[in-house]
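Note that the structure is a prediction, hence the values are computed from the model and not measured. Counting begins at 1 with the first residue of the sequence.
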Amino acid sequence: MKRRVVVTGLGAITPIGNNVEEFWNGIKESKTGFAPITHFDTTDYKCKIAAEVKDFVPTDYMEKAAAKHMEQFSQFAVVAAGEAIKDSGLDMEKEDAFRIGCCIGCGVGSMQAMEREHLRLAEKGPRWVSPLFVPMQISNMAAGNVSIQYGLKGKNIDIVTACASGTNSIGEAFRTIQYGDADAMVAGGTESAITPMCIAGFSSMTALSFSEEPKKCSIPFDVERNGFVMGEGAGVVVLEELEHAKARGAKIYAEVVGYGCSADAFHITSPAEDGSGAARAMSNAINDAGIQPSDITYVNAHGTSTHHNDLFETRAIKLAFGDHAKNLKVNSTKSMIGHLLGAAGAVEFITCVKTVEEGYIHETVGLQNTEEEMDLDYCRESFTGEVPYAISNSLGFGGHNASILVKKWED
């Protein structure tokens, strides 16, 4: 008998706000986080714009010594997790720490450490490479540091599925609780990859937008879309077994009811052209929830603002929902915060939780005109009304597809 799983805590660091309240207010204001890159000199780069986190000072949230031994992707995760745990009201002194786990995904780890230490190696030799290079660079250290900071002794894992990492992490945490391996999980994704090497690499594969206009750089589903905008940040939630949450009087934001995955088995960067892989992930999540496609009214799309993703994801939605696809509200949070890679699905999950809680579907900012085949309702305007279910999609390089389904909370 699968146990019911609810969301009791939310935490976020994003390009439009360094906590959930700021982030969600920014969403409702259609605020965008795009601006010229400040992390390094872009003179020789085609890509000039990113969605950076602003005004983040790690020592505002943790001791200087702790911050010094974490790369920024880990710092983001620890801060977002701290907000989520505080929001949930979990008191680790009253919990069995071995029943509280952690699953924080990260797609890249620290490219900053990689670039910095490679330069030392090249210029000074191997003796100058930091002894902390490896434990600070590897992607599992976000989960490791969250576990250490908050005393979480249950299952501790790092899901790495590129841009699907955040969604897979929350999904696997959901499964962990469903089948009794934990009573609560701190789960989500984090990323900080706006670095010279990453921007150069994504630029070389023509995945990034080279627009220098903040209002025209990330325009999912628009006929003029020309690539994604790199973002950074973290989204972390507390998932909890229903009776455990009720027993301690926790506030419940929403219920997680379905999770589905698939592989395209097609191409290392392009989604399957017919949308069959992403469609199967959505269908698996819907079947897992025991509902019908017609019960869904809202899809938070992966919606990267690349030509292939937006077109092929549209095909996937039509394949999964049939005629009902025309009745759906489909939007992309990346129109405001860019693509957070391994953190994207987690922040978009938080968007879905807030959407069903408040009955507010945000607009796809910047969208003006779509092409002929892309004829769904991509939310040129925001929508206010009852949203009983929200499904969030994440599609990662390598053909990783993940969908997670959230239900408005009702006892």
Side-chain angles (χ1 to χ4, degrees), residues 162-164 167 205-211 215-229 260 262-286 292-336 338-339 344-345 348 352 361-383 390-403:
C163 305
T167 297
M205 64 187 296
T206 66
L208 295 179
S209 170
F210 298 148
S211 171
K215 294 186 182 298
K216 296 290 290 182
C217 57
S218 182
I219 46 174
F221 305 110
D222 195 278
V223 69
E224 295 185 8
R225 68 193 185 280
N226 59 13
F228 74 82
V229 175
S262 72
D264 286 334
F266 174 71
H267 190 271
I268 59 172
T269 59
S270 173
E273 295 180 4
D274 63 358
S276 57
R280 178 56 67 92
M282 285 183 271
S283 296
N284 287 348
I286 292 167
Q292 298 299 313
S294 57
D295 293 323
I296 307 292
T297 55
Y298 166 55
V299 177
N300 186 293
H302 190 54
T304 59
S305 189
T306 61
H307 176 271
H308 280 10
N309 178 92
D310 297 1
L311 175 59
F312 301 163
E313 189 175 9
T314 293
R315 292 174 180 170
I317 292 168
K318 291 180 178 181
L319 192 58
F321 289 93
D323 292 339
H324 182 60
K326 295 290 182 70
N327 301 320
L328 296 169
K329 298 287 185 183
V330 179
N331 67 8
S332 173
T333 306
K334 293 179 180 70
S335 66
M336 286 179 266
H339 194 346
E348 289 155 13
C352 288
I361 298 175
H362 70 73
E363 67 175 304
T364 299
V365 176
L367 174 60
Q368 295 183 348
N369 301 302
T370 59
E371 56 207 67
E372 184 177 356
E373 188 178 343
M374 295 169 56
D375 54 358
L376 302 181
D377 181 354
Y378 301 109
C379 297
R380 288 180 176 83
E381 297 179 349
S382 61
F383 168 82
I391 191 166
S392 181
N393 294 335
S394 292
L395 319 177
F397 282 178
H400 304 283
N401 303 306
S403 296

| message | Give me the atom names and distance for the closest heavy-atom approach of S209 to V229. | response | CB-CG2, 4.4 Å

| said: Return the NE2 to NZ distance between H362 and K329, rounded to the nearest 0.5 Å. | reply: 13.0 Å

| request: Run the numbers on N300 and N331 for side-chain contact (heavy atoms from CB on, under 4.5 Å), then give the verdict. | output: CA-CA 5 Å; N300 186 293; N331 67 8; 3.8 Å; yes

| Out of curiosity, D377 CG to T297 OG1, how far, rounded to the nearest 0.5 Å? | 11.0 Å

| query | Looking at residues at least two apart in the chain, or sitting in another chain, which of them share a salt bridge (Lys or Arg N to Asp or Glu O under 4.0 Å) with K326? | reply | D375

| task | Flag the pair H324 / Q292 as yes when at least one side-chain heavy-atom distance between them is below 4.5 Å, and no otherwise. | result | no

| field | Shortest non-hydrogen separation from C352 to S392 and the atoms involved | value | SG-CB, 3.7 Å

| query | Which one of V365, L367, I361 satisfies the side-chain contact (heavy atoms from CB on, under 4.5 Å) criterion with E363? | reply | V365

| task | Calculate, to the nearest 0.5 Å, the distance between atoms OG and NZ belonging to S218 and K216 respectively. | result | 11.5 Å

| said: Checking D310 against T304 for the side-chain contact (heavy atoms from CB on, under 4.5 Å) test, could you report, in this order, the C-alpha distance in whole Å, the side-chain angles of both residues, the deciding distance, and whether it holds? | reply: CA-CA 7 Å; D310 297 1; T304 59; 4.0 Å; yes

| Which pair of heavy atoms, one from G366 and one from D222, lies closest together, and at what distance? | O-OD2, 3.9 Å

| request: Could you check F321 against I286 for side-chain contact (heavy atoms from CB on, under 4.5 Å), going step by step and ending with a plain yes or no? | output: CA-CA 10 Å; F321 289 93; I286 292 167; 3.8 Å; yes

| query | For E381, which residues count as a salt bridge (Lys or Arg N to Asp or Glu O under 4.0 Å) partner, sequence neighbours excluded? | reply | none

| request: Enter the distance from S270:OG to L395:CG here, rounded to the nearest 0.5 Å. | output: 10.5 Å

| Residue pairs passing the side chain to side chain donor-acceptor pair (under 3.5 Å) test where at least one lies in residues 277-286, sequence neighbours excluded | none

| field | Aromatic ring pairing H339/H302, orientation class (parallel under 30°, perpendicular over 60°, tilted between) | value | perpendicular

| task | For the pair S305 (side chain) and I219 (backbone), establish whether a donor and an acceptor sit closer than 3.5 Å, ignoring hydrogens and angles. | result | yes

| remark: Heavy-atom closest pair (A263 atom, N401 atom, distance to 0.1 Å) is C-ND2, 3.9 Å

| said: Does F266 form a side-chain contact (heavy atoms from CB on, under 4.5 Å) with S276? I'd like the steps, not just the answer. | reply: CA-CA 11 Å; F266 174 71; S276 57; over 6 Å; no

| task | Look only at the side chain of T333 and the backbone of E348, and say whether a donor-acceptor pair between them is shorter than 3.5 Å. | result | no

| message | I need the T364 OG1 to R380 CZ distance, nearest 0.5 Å. | response | 9.5 Å

| remark: Result for side-chain contact (heavy atoms from CB on, under 4.5 Å) between F221 and one of N309, L376, T314 points to T314

| Nearest heavy atoms of A279 and A320, plus distance in Å | O-CB, 3.8 Å

| query | Do any N or O atoms from the side chain of D264 and from the backbone of P271 form a donor-acceptor pair under 3.5 angstrom? | reply | no

| said: Suppose we screen for ring pair (Phe, Tyr, Trp, His ring centres under 6.0 Å). Which residues come up paired with H308, at least two apart in sequence or across chains? | reply: F312

| said: List the residues meeting salt bridge (Lys or Arg N to Asp or Glu O under 4.0 Å) with E313, not counting sequence neighbours, and say none if there are none. | reply: none

| message | Looking at R225 and E371, is there a salt bridge between them, counting it only when a charged N and a carboxylate O are closer than 4.0 Å? | response | yes

| said: Rounded at 0.5 Å granularity, tell me how far CZ in F397 sits from SG in C163. | reply: 6.0 Å

| remark: On a heavy-atom basis, the closest approach of A301 and V330 is CB-CG1, 3.9 Å

| query | Under 3.5 Å, is there a donor-acceptor pair between the side chain of S335 and the main chain of P220? | reply | no

| said: Testing L311, L319, I317 one by one against R315 for a side-chain contact (heavy atoms from CB on, under 4.5 Å), which residue passes? | reply: L311

| query | Does S394 have any side chain to side chain donor-acceptor pair (under 3.5 Å) partners at least two apart in sequence or in another chain, and if so, which? | reply | T167

